Q: 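Sending over a structure as structure tokens; questions will come in a sec.
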Amino acid sequence: MKIAFFDAKEYDKPAFLKYGGEDNAEFRFYETRLTPDTAALAAGCEAVCVFVNDTVNKDTIDRLVAQGVKYVLLRCAGYNNVDIEYAYGRLHVARVPAYSPYAVAEHAMAMLLTSVRRIHKAYNRTREFNFSLSGLTGFDLHGKTVGVIGAGKIGRIFMDICKGFGMNVLAYDRFPKDDGLAYADLPEIFAESDIISLHCPLTQDTYHMIDGDAIRQMKKGVILLNTSRGALIDANALIEGIKARQVGAACLDVYEEESSVFFNDFSGHILDDDTLARLISMPNVILTSHQAFLTAEALENIAETTLENLRKLEAEGFCENELCYRCGKMEECAKKRDRKCF
Ligand code: NAI
């Protein structure tokens, strides 16, 4: 079995080599991203393994299929970069639905604490022997209200962490469960929350869910956390909200135009993206480059599940982590009847 890995970094390789070694799988690691233009690199491979910023659109899919590729293995949970509907009947697409929800939830809290307690500023100061406390006043998280949008695996862990801090937790989910969480509608989340954290997927419904109108409904000084997908927030509206002092701080692990910048070293270069440059220049914005998932545990889980997905698809023609655009309609789903999509 030959697998072409796209957007592969050094930190991706050890876990895949560990879990794939016994199968004599042949791995080709490419630093370049998968696009229609780079799809040719997968020639002779049965599978491609992709990450969040690879482009698996109609054109890419056609080119992969023409070369005999059968499987797209996402080594991530989100799949907004894959045209699932077009892939149906052409390629099997499998993902890693959960590799470490703790990694992402803990990173969200790390960013929140860094922002609220000005740790990023204090770190830089003390390295220069500046021991002044001026401008470092924070506030207690205890007793504050956090609104969590998306009460799935990561959102729930983040809520538990917040409860440990003695915070009041409100949850909004498009598909709320009867699970005892304090659910609220979006206007209520916007109006009541001191901190809002996004943990829902990027879909047509959620694109720019945090826009100028939403920000105007929020408490003055609200702190926004986004460790989910960049395009949940209209970045220009966020900048306006920060300039108007409506948004008190933003902690962003994702950014809507991140694909041309994140995961690469541009130090020493002039950043072309003025919106990103403006955000980074703001003293109350903390930005990490899609790092929330990056723990040793998560990398091991990603490799193990990705390769297990492939083994199952090859051996059984089925894997529970296979994605299908029909999955919302289980009663009509061929996979449910025959344990196969096509
Ligand atoms: P999940 O599928 O367990 O939970 C997502 C929740 O969002 C579900 O409860 C779902 O009902 C809800 N939801 C769906 N549509 C919604 C809408 N329109 N409004 C509000 N809620 C909605 O997913 P999980 O594992 O908790 O991941 C959440 C997101 O985190 C992923 O979609 C992904 O974009 C992001 N993520 C980011 C990572 C990073 O490194 N920054 C790593 C892993 C995931």
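Source: prediction; values computed, not measured. Counting starts at 1 for both ligands and their atoms, in listed order.
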Q: Can you tell me the protein heavy atom closest to atom 22 (C) of ligand 1 and the distance?
A: C200 CB, 3.6 Å

Q: Which residue owns the protein heavy atom closest to atom 27 (O) of ligand 1, what's the atom, and how far is it?
A: I154 CD1, 3.3 Å

Q: What's the shortest distance from atom 13 (N) of ligand 1 to any protein heavy atom, and which residue and atom give it?
A: P201 CD, 3.7 Å

Q: Out of all atoms in ligand 1, which are within 4.0 Å of some heavy atom of V104? Include the element for each.
A: 38 (C), 42 (C), 43 (C)

Q: Side chain or backbone of F158 under 4.0 Å from ligand 1, or both, or neither, by non-hydrogen atoms?
A: neither

Q: With heavy atoms of Y172 as the reference, note each atom of ligand 1 found under 4.0 Å away.
A: 19 (N), 20 (C)

Q: What protein heavy atom lies closest to atom 16 (C) of ligand 1? Include the residue and the distance to one decimal.
A: R174 CB, 3.5 Å

Q: Just to confirm my output: which protein heavy-atom neighbour is closest to atom 28 (C) of ligand 1, and how far is it?
A: H199 O, 3.3 Å

Q: Can you list the steps and then say if H142 with F165 is a ring pair (Phe, Tyr, Trp, His ring centres under 6.0 Å)?
A: CA-CA 6 Å; H142 185 269; F165 276 77; 9.6 Å; no

Q: Cation-pi between R90 and Y86: NZ/CZ under 6.0 Å from ring centre and within 45° of the ring axis?
A: yes

Q: Which pair of heavy atoms, one from V254 and one from T227, lies closest together, and at what distance?
A: CG2-C, 4.2 Å

Q: Before signing off on this row, confirm whether D173 and ligand 1 have an N or O atom pair separated by under 3.5 Å.
A: yes

Q: Before you tell me yes or no, could you show the steps for D273 and Y255 under side-chain hydrogen bond (donor to acceptor under 3.5 Å, both in side chains), namely the whole-Å CA-CA distance, both residues' side-chain angles and the distance that decides it to 0.1 Å?
A: CA-CA 11 Å; D273 186 327; Y255 165 64; 2.8 Å; yes

Q: What about F51 and F293, are their ring centers closer than 6.0 Å?
A: yes

Q: Hey, which atoms in ligand 1 end up nearer than 4.0 Å to a heavy atom of T206?
A: 17 (C), 18 (N)

Q: For atom NZ of K144, is the number of surrounding heavy atoms from other residues, nucleotides or ligands below 6.0 Å larger than 12?
A: yes

Q: Going by heavy-atom distance to atom 38 (C) of ligand 1, choose the closest among T227, L198, V254.
A: T227

Q: Report yes if some N/O of M209 lies less than 3.5 Å from some N/O of ligand 1; otherwise report no.
A: no

Q: Between T206 and P201 (side chain of the first, backbone of the second, donor and acceptor by atom type, cut-off under 3.5 Å), is there such a pair?
A: yes

Q: Have a look at ligand 1 and work out which part of K153, if any, has a heavy atom under 4.0 Å from it: side chain, backbone, both or neither.
A: both

Q: Out of curiosity, is G78 lining ligand 1, as in a heavy atom under 4.0 Å away?
A: no

Q: Under the side-chain contact (heavy atoms from CB on, under 4.5 Å) rule, what do I239 and L279 come out as? Steps first, then yes or no, please.
A: CA-CA 7 Å; I239 289 172; L279 279 170; 3.6 Å; yes

Q: Going by distance only, is there an N or O of T203 that falls short of 3.5 Å from an N or O of ligand 1?
A: no

Q: Should the proximity of A151 to ligand 1, defined as any heavy atom under 4.0 Å, be assigned to the side chain, the backbone, both, or neither?
A: backbone

Q: What protein heavy atom sits nearest atom 33 (C) of ligand 1, and how far off is it?
A: R229 NH1, 3.7 Å

Q: For atom 4 (O) of ligand 1, what's the nearest protein heavy-atom neighbour? Residue, atom name and distance, please.
A: G152 CA, 3.2 Å

Q: Report yes if some N/O of D253 lies less than 3.5 Å from some N/O of ligand 1; otherwise report no.
A: yes

Q: Could you check, using the six-membered ring where one of them is a Trp, whether F6 and F29 have ring centers closer than 6.0 angstrom?
A: no

Q: In terms of atom number and element, which parts of ligand 1 are under 4.0 angstrom from non-hydrogen atoms of G150?
A: 7 (O), 21 (N)

Q: I'd like to know if the side chain of R75 reaches the main chain of I302, judged simply by a donor and an acceptor atom lying under 3.5 Å from each other, with no hydrogens or angles considered.
A: no

Q: For D211 versus D234, what's the shortest heavy-atom pair and its separation?
A: CA-CB, 4.1 Å

Q: Looking only at heavy atoms of S228, does any of them come nearer than 4.0 Å to an atom of ligand 1?
A: yes

Q: Are the aromatic rings of Y71 and H92 close, with centres under 6.0 Å apart?
A: yes

Q: Could you find the nearest protein heavy atom to atom 42 (C) of ligand 1 and give me its residue, atom name and distance?
A: Y99 OH, 3.2 Å

Q: Would you check if the distance from the ring center of F5 to the ring center of Y30 is below 6.0 Å?
A: no

